[in-house]
Structure formats: structure tokens, C-alpha cells
There are 2 protein chains.
Amino acid sequence: MDFQKPRVTINEIAELAGVSIATVSRALNNRPGISQKTKEKVQRIITQTGYQPNIFARNIREHQTKLIGLIISDASNEFFKQVSRAVQDQAALAGYSVIMLNSDENPAEEMQAIQILRHYDVSGLIIASTDTHLDYHQLVGDTPTVFFDRAPSPDKQSQFDTLLVNNVSGAELAVSELIRQGASKIGILSSGVSTAGKERQQGYLKALAEYHLPLDQNLIYTSDVKQIKALDYAHELLMTHHCDGIFAADNTLLLVVLQEIKLLHRPNIKVATFDNTAWFDYFKQPVISVKQPTATIGHQAVDLVLKRIKEPTLPAKTRRFSVQLIRRG
Amino acid sequence: MDFQKPRVTINEIAELAGVSIATVSRALNNRPGISQKTKEKVQRIITQTGYQPNIFARNIREHQTKLIGLIISDASNEFFKQVSRAVQDQAALAGYSVIMLNSDENPAEEMQAIQILRHYDVSGLIIASTDTHLDYHQLVGDTPTVFFDRAPSPDKQSQFDTLLVNNVSGAELAVSELIRQGASKIGILSSGVSTAGKERQQGYLKALAEYHLPLDQNLIYTSDVKQIKALDYAHELLMTHHCDGIFAADNTLLLVVLQEIKLLHRPNIKVATFDNTAWFDYFKQPVISVKQPTATIGHQAVDLVLKRIKEPTLPAKTRRFSVQLIRRG
């Protein structure tokens with residue numbers, strides 16, 4: 001929900017002046033097709049209202065690109081929707097526009113996305129890696145780049161600015177809450193591919209250990225990111241293994257779990273997930289969720305890219321944000 | 001949810017060959033830094049697996065842009081998330097990548113987005129207009145362009161290919177269902193700005209007339225698209241006007257209505273909305289919804305743009321898709 005105070009827009013200027021938006025644009029850009037009288041009228045209203053023509057339009061006119069390239073890895077995931085929204089808002093404040101491409105969890109697509117964006121000479125890149133061992137130094141070259149959600153080199157210290165969240169403790173909090181709510185046989189459905197998925201699995205194991213629950217490898221399902229098998233796995237957790245709690249490590253996996261719970265009429269299963277959406281507050285089945293600071297991640301990603309555009313030799317930093325447990329049930 | 005059969009990816013090639021993705025890329029692109037032996041090995045595996053390097057990478061190498069520009073008007077709206085997903089899928093099949101910009105319901109931002117995308121020489125444009133009277137002929141020039149969701153010239157026959165849905169009958173279906181479920185005093189919260197909002201209001205009026213319910217202007221609230229006042233309006237519908245049913249004309253307005261119903265503990269209020277998400281099936285409060293054919297809209301938008309790239313002089317067509325009522329309650 002956006003409750004920001006709106007700025008004066010070009011169409012309000014057009015309305016106040018009683019002219020078309022194209023005419024306002026002509027006045028702003030000193031283009032022909034507008035009388036001197038109309039131009040003066042429009043310019044008077046612009047002065048009175050304090051209207052600020054967007055910096056980007058000027059950059060385009062002056063042939064400077066002021067673009068940031070954003071590569072997300074899954075367009076259907078609520079987390080990326082929220083972060084990309086924050087990236088756009090923060091970039092706009094600094095006079096940058098954002099061009100977004102979706103790698104669809106495919107490293108080949110991610111490579112191509114980087115090539116496209118560099119080809120178009122973006123000022124900086126913000127990337128949610130597909131989490132393989134791509135040679136990012138070669139790929140991004142000297143384009144200022146910030147990674148988020150997943151580290152560009154999962155096994156070693158990142159040589160790029162990197163924004164992560166504390167996946168282990170987030171998952172631990174969520175699974176501990178399932179246990180406190182009475183679940184004692186808890187299955188996990190996580191993405192086996194991504195670092196985030198692996199870390200969330202670690203958090204699950206930590207919670208079990210903390211509460212002295214036995215570890216059963218049969219209750220640990222790692223689905224590929226495309227969820228090809230997730231429905232089968234959810235079915236097995238409920239029917240074969242008789243779980244009374246499930247931790248779905250992201251929102252797409254949660255949807256599969258909810259679908260299966262509804263199909264099998266098992267409303268008493270306790271459910272937890274990573275990521276939070278506004279819709280969860282209205283569910284019949286209470287869903288424990290872990291809220292990531294998506295706005296902060298998006299804003300800081302832009303701030304770091306802009307900083308690095310100014311000072312390319314700054315040492316790279318990795319930041320891990322803490323997450324918030326949202327109890328429901 | 002995506003249950004597609006995955007194609008062979010570059011990282012699978014790398015794994016099979018026991019080399020890095022960068023090495024596969026070198027082999028594919030005939031770049032230095034790879035031995036003849038390794039190159040032959042990679043190429044053998046590529047032949048065996050039937051791996052198809054994405055057409056886009058070749059276009060970039062050959063300096064042909066194969067890009068479609070997509071401008072959506074509200075990144076937080078589920079409808080646009082679904083359509084943009086379908087646009088990306090369909091474009092990928094034809095070897096095009098999609099660059100997305102968000103106008104944020106601001107005509108000035110929309111103008112700039114068009115300028116940016118033309119500056120980057122996209123092959124075609126797909127636009128959800130911010131629904132003002134922009135001079136699109138001047139703005140898009142000779143770039144093949146398809147509009148969706150909102151007509152580029154609301155009051156007259158569009159001179160561009162345009163994909164719309166039947167908003168009037170969709171809203172009429174939803175409000176009729178509210179009445180059949182027992183609601184007799186139904187308020188409406190709709191966007192007053194967009195054509196879609198206005199048409200959905202017409203559908204509301206038609207349903208009332210059909211069921212001989214009195215028309216009360218006090219129950220018709222049009223919020224600006226930013227929802228600055230939507231919470232107050234929802235409060236008034238429930239507390240001042242004692243409505244027993246509410247039609248929220250889009251998902252963002254629905255969220256406001258659900259929030260207010262929860263705050264005021266009024267679970268018996270009947271609720272309907274336009275657009276559908278997978279989450280609605282799990283709500284405590286049943287929500288009647290109208291499902292737009294988002295996949296078809298996205299696919300056809302791409303098909304029409306590609307057709308127009310080939311044959312620029314085709315006469316423009318406007319298509320209206322029918323929508324589907326999803327009963328819950």
C-alpha cells in the first residue's frame with residue numbers, strides 16, 4: 001500500500017493550464033508546436049506548483065544514461081516483487097530509472113541478462129544471483145554491481161557488495177514456533193539449489209536439536225526451484241510420514257503445501273514459511289511467517305550501487321539483515 | 001506455479017563437461033582462454049544434449065537488439081505481475097527478451113518510459129497506459145506498439161492494437177453474486193481514474209438495476225489509484241452506511257477492505273473483487289473474484305507486436321476478452 005504524498009504530476013499541470021500533456025511536454029522541452037502565450041502560461045503554472053520534471057527525461061535528452069539494471073531470479077515470487085518495488089522507489093529519488101530482467105532461476109538467462117544490460121550501458125547492476133558459480137568478475141567487468149538475496153560466491157567471502165538476510169536464524173525461529181504450537185513431527189520443503197534454501201534447512205535442523213526432537217531424513221525434501229516435484233513431496237509428508245507440521249521454505253512452496261492440505265482436508269496441520277505477504281493475515285489456516293526487510297534491502301542495494309558508481313575502489317561489504325517472526329495461530 | 005519440463009541449461013552442460021560456466025560460454029562464443037581439447041569436449045556435450053544457446057545471446061553478439069519493452073502501470077498489482085510473466089514466457093519462445101519499466105500510474109513516468117525504451121531501440125512496445133490522453137502517435141512514433149488493460153484513447157476507436165477485458169460484465173457478475181449470497185446494501189470502492197475502474201462501476205450499476213436494488217450515490221466511492229483515501233472510504237461504507245456487501249474493484253482496494261473488516265470484526269460482510277490470486281482459495285473470509293485471462297493477454301500482446309514488426313501496415317484491432325466469475329462463500 002502506498003500512502004505517500006503525491007508529487008505534482010505532468011497531467012495536473014496540463015489540467016491546471018487547460019492544455020494537453022503533449023503541450024506541457026513541448027513547453028518543458030522547448031519543442032515547436034506551441035504558441036509563446038501557451039508556453040508562458042504552462043511555465044507560470046510549473047513555477048507556481050513547484051513541479052519538477054523528472055531528471056531522467058533530461059538525461060535522455062542529453063544522451064546520458066541514468067539507468068540501473070535489476071536482475072531478479074523469479075518473477076512469480078513475492079519477495080522479488082517487494083524488493084524490486086523498493087529498488088524502483090529509491091532509484092527514482094536519485095533520478096535513476098530501473099530496467100528489470102528476469103533470469104527465471106536459469107544461469108544462462110542470468111548471463112544473458114548481464115550482457116544485455118551492459119550492452120545498454122547501465123550505470124550499475126543489482127543482481128539476485130541464480131546461485132551457481134558464474135564468473136561474475138568477467139561477466140560484470142567494471143560495472144558497479146550489488147548482489148542481494150544470494151551471495152555471488154556461496155563458498156567464500158564475496159568480492160562484491162552483497163546484501164543477505166539471516167536465513168538460518170529466520171528458519172530456526174519459524175520452526176521453533178511450530179514446535180511451541182504443538183507440532184512434533186515437522187517436515188521441510190525447501191529449494192535444494194539456492195544458498196538461501198540450504199541455510200533455511202540448517203535453521204530447521206537447529207530448531208529440532210534445540211527442542212530435542214529426533215532428526216528424520218525422510219522428512220527433509222529439497223525440491224528444485226521449479227517445484228516440479230513439490231506437490232508429490234507435500235503429499236508424502238502428509239500421507240506417508242503423517243507430519244503434524246510443515247515448514248515451506250518460500251512462498252511458492254507454501255502455495256503447494258496449502259493446496260495439498262486443502263485437498264486432503266487436514267486443517268490441523270501447522271504451517272510456517274519464509275517471506276510474508278499482506279494476504280497471510282486473512283488466511284483460514286494460520287501461517288507462521290518470516291518477514292524479510294524487503295524495503296531496506298531494495299533501498300540499500302540502490303544506495304550501495306550509487307556509492308560505488310562514485311567511488312569504484314571502495315572495499316566490498318557483505319551485510320546480513322535480521323528477519324522478523326510473524327506468529328499466527 | 002511452473003511445471004514446465006526444464007530445458008538443458010548452460011550449468012548442466014558445465015557440470016557434464018566438468019568445466020565452469022564461463023568456459024562453456026567461451027566455447028559457445030569462440031572466445032580465447034580455452035584449450036582446443038576442452039572446446040571440443042564442450043561442443044560434443046552440447047551436441048549430445050541438444051542444448052540450444054539462447055537466441056538472444058547471439059543477437060547481442062551480432063548487435064541486433066531483440067528486445068520488447070513492457071510498461072506496466074502498477075508493480076504492486078497482481079494482474080500486472082501475471083501478465084508480465086506471460087509476456088516474458090511468450091517473448092522468450094520467439095527469441096526476444098523483455099525489458100520492463102513501471103510508470104507507477106504517472107503519465108509523466110509513462111512518457112519517460114516510452115522515451116527510454118525507444119532510445120534503446122526496442123523492436124516493439126507493450127503498454128498498460130496510465131489512461132490519460134497522451135499523444136501516443138507522437139510518443140511511440142513508428143515503433144510497433146500494443147496496448148493492454150486500458151485503451152490508449154479511451155473515448156474513441158483505438159488506432160493501436162489493444163487488448164481489453166469485459167470489465168462491465170465482469171463487475172456485473174461479481175455484484176450479482178454478492179446479491180445472490182444475500183447482500184442487499186452493497187458499496188463499491190473503485191479507481192475513479194482508469195477506464196477499467198469506470199467500466200467496473202457501470203457493471204455494479206447494471207447488477208443493482210437487474211435485481212431492482214435502489215441506487216444510493218453515497219455507496220459509490222472512487223478512490224484515486226494511490227488509495228490515499230481508500231481506508232477512510234471502506235470505514236464509511238461499513239460504519240456510516242452499514243453495507244452488508246462490498247465490491248472492491250481491484251486487488252489493492254480489496255486489501256484495504258479486508259483490513260477494515262478485520263479491524264471492525266465484521267466477518268459477515270460479503271466481499272467481491274476484480275482479479276484473482278492463488279492465495280484467495282485459502283482465505284477465512286470468502287472472496288468472490290473475477291479472473292482475467294492474464295496468460296492469454298500476455299501471450300497475445302507478444303504475438304501482436306511480433307506480427308506488427310513484420311507487417312507494420314496491418315489495420316489496428318481491439319479485442320475484448322471475457323472474464324470468469326470465481327464463486328466463493
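Note: hydrogens, waters and symmetry copies are ignored here, and every other heavy atom, side chains too, is used. Order of the sequence lines sets the chain letters (A, B, ...), proteins ahead of strands, with each chain counted from 1.
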K.L.:
Look at the aromatic rings of A:W279 and B:F280 and report parallel, tilted or perpendicular, splitting at 30° and 60°.
P.N.:
perpendicular
K.L.:
For B:T23, give me all partners under side chain to side chain donor-acceptor pair (under 3.5 Å), at least two apart in sequence or on another chain.
P.N.:
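Counting only residues at least two positions away or on another chain, B:T23 forms a side chain to side chain donor-acceptor pair (under 3.5 Å) with B:S20.
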K.L.:
Pick whichever of B:L101, B:L258, B:L117 has the most heavy-atom pairs under 4.5 Å with chain A.
P.N.:
B:L258
K.L.:
Are any of the side-chain heavy atoms of A:D104 and B:R85 separated by less than 4.5 Å?
P.N.:
yes
K.L.:
Minimum heavy-atom separation for A:K262 to B:D281, with atom names?
P.N.:
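Heavy atoms only, the tightest pair is NZ-O, 3.0 Å.
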K.L.:
For residues B:Y282 and A:Q259, report the shortest heavy-atom separation together with the two atoms involved.
P.N.:
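Scanning both residues, the minimum pair turns out to be OH-CA, 3.1 Å.
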K.L.:
If I take atom OG from residue B:S84 and atom CE from residue A:M100, how far apart are they, to the nearest 0.5 angstrom?
P.N.:
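Going from the OG atom of B:S84 to the CE atom of A:M100 covers 6.5 Å.
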